[in-house]
Number of protein chains: 2
Amino acid sequence: MDATELMEALDSNKTIIISANCNIAYSGRAESFLADGDRIIIIKSDKTLLVHQPTGSIPINYMKEGSSFRVSSDGERVELHCTNSREFLTVRMHRVYSHDFLELSDGQKLQITGSEKDMSQMIYNHPELIEKGFRPLSMEEHTKFGFIDVFGFDVSNTLVVVECKRYSADHKAVEQLNRYVKKIKQAKGLKTVRGIIAAPRITAAAEMHIREFGFEFRRINPPKYMERFDSSQRRLEF
Amino acid sequence: MDATELMEALDSNKTIIISANCNIAYSGRAESFLADGDRIIIIKSDKTLLVHQPTGSIPINYMKEGSSFRVSSDGERVELHCTNSREFLTVRMHRVYSHDFLELSDGQKLQITGSEKDMSQMIYNHPELIEKGFRPLSMEEHTKFGFIDVFGFDVSNTLVVVECKRYSADHKAVEQLNRYVKKIKQAKGLKTVRGIIAAPRITAAAEMHIREFGFEFRRINPPKYMERFDSSQRRLEF
DNA sequence: GGGGAGAGATGCCGC
DNA sequence: GCGGCATTTCTCCCC
């Protein structure tokens, strides 16, 4: 791979995949250097840069969408310079093992369920999961008190704020709930507003924290509407 | 690319890069489906799976290190089944544009500076950044009160807890600091422990929050020791 | 393995 | 742009 063909691929917004021995310098939100090693370098059609090591799931270096690229060469090595408004990165390639310039097309978005939002929706549609007589007023609402998952009245018309967590609820979830409850009490001049954490489980520290504030915990699992997994086959059946 | 050579590449722990039109089903921590489109599929030597769309910096689907793979084929299409202890993913490839099986080697780690830890160290070494007479006792210490960035005494021997943030300090940082201060007061039976947030800036909400607790804010920028950026050249000079 | 916290976190939405 | 918050967050470190 020479500098010219890489420049052409960049100019024509191809998706570029290079495997090479290289080192990488980064300056921007932090400063970093990565000594010589084999990596996979990807430049996407939207000018996102990703550098992956042969192990691990996280890119070791990266630049955001819309970065600018420049290629230079001293004959032997090809250097890739990447920059955006406040960051700079240089890949110095010593040896290129393989390269691929592609024209890829994909307009699809991920359809996903089982998020915290789906949990809120489930509770909104099945308020008895919280308790008998719970009447939700809203869900997933950006209120001036914060972003409240589910908001409603209990059987005795006391305001209830529900904070959902997909996994174990921790002390941060309790503090988040406390912020909302405090703000609502203050804004509406109410003496009692109930706070409920809905999650599949809760940490010991958070459970103590909950008692301190007089909040409650409901053990609720996030929904997985798309679940079509055949457990006997251990295969996805779509 | 046929199923057999893909299986062989997987068995020999090669790093595999495939570009293909495919759809993807995932079941595990959530449920997702991604309809047909062009993607880059990477399987690393440690059996990490990454699927990237032609735009964006985040993988659209992925499986963690140490996953198991199975390949099947109905003659036309190649299917890649990936599973680990609690997740399942299937890539159904309709057309393979390119593929590459590599043997990559990289033992290097990223050398990075400018993190919150470096900020703590800077304050520890230059306590006057907090105030005249501040005497740090420890930094980055896992105490039974939590993980405290910098811990010390002020000029009048009052305990001081410093919480560092690389960017804007928000209400979560204030609550974090409050947790530490509360725990220390309780554990040591002290009436006053000072809390200080060190960050380049602070959100308006956090500033009000700080006053509420009687904490203080110090405007401090995180260090960048490795900075070798020639601003006139807009280039990294290593 | 759980818990707590940072990350060059990223991405989304609302103001 | 900032702010607040979820994420199949991921990663590290300590208990």
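Numbered from 1 within each chain, the chains take letters A, B, ... in sequence-line order. These numbers were taken from a predicted model, which means no experiment stands behind them.
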Query raised in the report: A/Ile148 versus A/Ile184: any side-chain heavy-atom pair under 4.5 Å?
Result: yes
Any protein N or O atoms within reach of nucleotides 12-15 of chain C? Criterion: under 3.5 Å, listing atom names and distances.
none

**Report entry** Test item: B/Ser105 and A/Pro54 side chains (from C-beta on) under 4.5 Å apart, heavy atoms
**Finding:** no
Query raised in the report: Reading DNA chain D 5' to 3', which nucleotide is the first, and which the last, to come under 4.0 Å of any heavy atom in chain B?
Result: D/dG3 to D/dC14
Query - Main-chain N/O of B/Ser67 paired to B/Glu87 side chain as donor or acceptor, under 3.5 Å - result: no
Query raised in the report: Any side-chain heavy atom of B/Glu116 sitting closer than 4.5 Å to one from B/Asp149?
Result: yes
Requested in this report: Quick one: the dot-bracket string of DNA chain C, using Watson-Crick and G-U wobble pairs with both distances under 3.5 Å, [ ] for crossing pairs and | for bases paired to another strand.
Outcome: |||||||.|||||||
Query - Sidechain-backbone polar pair: B/Tyr180 side chain, B/Phe147 backbone, donor-acceptor under 3.5 Å - result: yes
Query raised in the report: Hey, what do you get for CD1 (A/Ile24) to CD1 (A/Ile60), rounding to the nearest 0.5 Å?
Result: 8.0 Å
Query raised in the report: So does A/Arg179 pair up with B/Glu175, basic N to acidic O under 4.0 Å?
Result: yes
Query raised in the report: Taking atom OG1 of A/Thr48 and atom OH of A/Tyr62, what is their separation to the nearest 0.5 Å?
Result: 12.5 Å
Query raised in the report: Near DNA chain C, which residues from residues 199-212 of chain A have a heavy atom under 4.0 Å away?
Result: A/Arg201, A/Thr203, A/Ala205
**Report entry** Spatial distance of atom CD1 (A/Ile130) from atom CZ (A/Arg218) [nearest 0.5 Å]
**Finding:** 6.5 Å
Query raised in the report: Which heavy atom in A/Thr203 sits nearest to a heavy atom in A/Asp170, and how many Å separate them?
Result: OG1-CA, 3.8 Å
Produce the list of close N/O pairs, under 3.5 Å, pairing protein atoms with atoms of nucleotides 5-9 of chain C; give distances to one decimal.
from: C/dA5; atom 1: OP1; to: B/Tyr180; atom 2: OH; distance (Å): 2.9
from: C/dA5; atom 1: OP2; to: A/His171; atom 2: NE2; distance (Å): 2.9
from: C/dA5; atom 1: OP2; to: B/Arg179; atom 2: NH2; distance (Å): 3.0
from: C/dA5; atom 1: O3'; to: B/Gln176; atom 2: NE2; distance (Å): 3.3
from: C/dG6; atom 1: OP1; to: B/Glu116; atom 2: OE2; distance (Å): 3.2
from: C/dG6; atom 1: OP1; to: B/Glu163; atom 2: OE2; distance (Å): 3.1
from: C/dG6; atom 1: OP1; to: B/Lys165; atom 2: NZ; distance (Å): 2.5
from: C/dG6; atom 1: OP1; to: B/Gln176; atom 2: NE2; distance (Å): 3.1
from: C/dG6; atom 1: OP2; to: B/Lys165; atom 2: NZ; distance (Å): 3.3
from: C/dA7; atom 1: OP1; to: B/Glu116; atom 2: N; distance (Å): 3.1
from: C/dG8; atom 1: O3'; to: B/Arg166; atom 2: NH1; distance (Å): 3.3
from: C/dG8; atom 1: O3'; to: B/Tyr167; atom 2: OH; distance (Å): 3.2
from: C/dG8; atom 1: O6; to: A/Asn61; atom 2: ND2; distance (Å): 2.7
from: C/dG8; atom 1: O6; to: A/Tyr62; atom 2: N; distance (Å): 2.8
from: C/dG8; atom 1: O6; to: A/Tyr62; atom 2: O; distance (Å): 3.3
from: C/dG8; atom 1: N1; to: A/Tyr62; atom 2: O; distance (Å): 2.2
from: C/dG8; atom 1: N2; to: A/Arg29; atom 2: NH2; distance (Å): 3.3
from: C/dG8; atom 1: N2; to: A/Tyr62; atom 2: O; distance (Å): 2.9
from: C/dG8; atom 1: N2; to: A/Glu87; atom 2: OE2; distance (Å): 2.8
from: C/dG8; atom 1: N3; to: A/Tyr26; atom 2: OH; distance (Å): 3.2
from: C/dG8; atom 1: N3; to: A/Arg29; atom 2: NH2; distance (Å): 3.2
from: C/dG8; atom 1: N3; to: A/Glu87; atom 2: OE2; distance (Å): 3.3
from: C/dA9; atom 1: OP1; to: B/Tyr167; atom 2: OH; distance (Å): 2.6
from: C/dA9; atom 1: OP2; to: B/Arg166; atom 2: NH1; distance (Å): 2.1
from: C/dA9; atom 1: OP2; to: B/Tyr167; atom 2: OH; distance (Å): 3.3

Requested in this report: Might you point out which heavy atoms bring A/Gly56 and B/Asp46 nearest each other, and give the distance in Å?
Outcome: N-OD2, 2.8 Å
Report task. Tell me, yes or no, whether the heavy-atom count around B/Lys117 atom NZ, taken from other residues, nucleotides or ligands under 6.0 Å, exceeds 12. Result -> no
Query raised in the report: With sequence neighbours left out, what residues match A/His209 under ring-ring contact (aromatic ring centres under 6.0 Å, His included)?
Result: A/Phe213
Report task. Of all the heavy-atom pairs spanning B/Asn84 and B/Lys64, show the shortest one and how long it is. Result -> ND2-N, 4.2 Å
Query raised in the report: When rounded to the nearest 0.5 angstrom, what distance separates CG in B/Leu6 from CD1 in B/Ile43?
Result: 6.0 Å
Query raised in the report: Using the P atom in both, what is the distance from D/dT8 to C/dG4, to the nearest Å?
Result: 22 Å
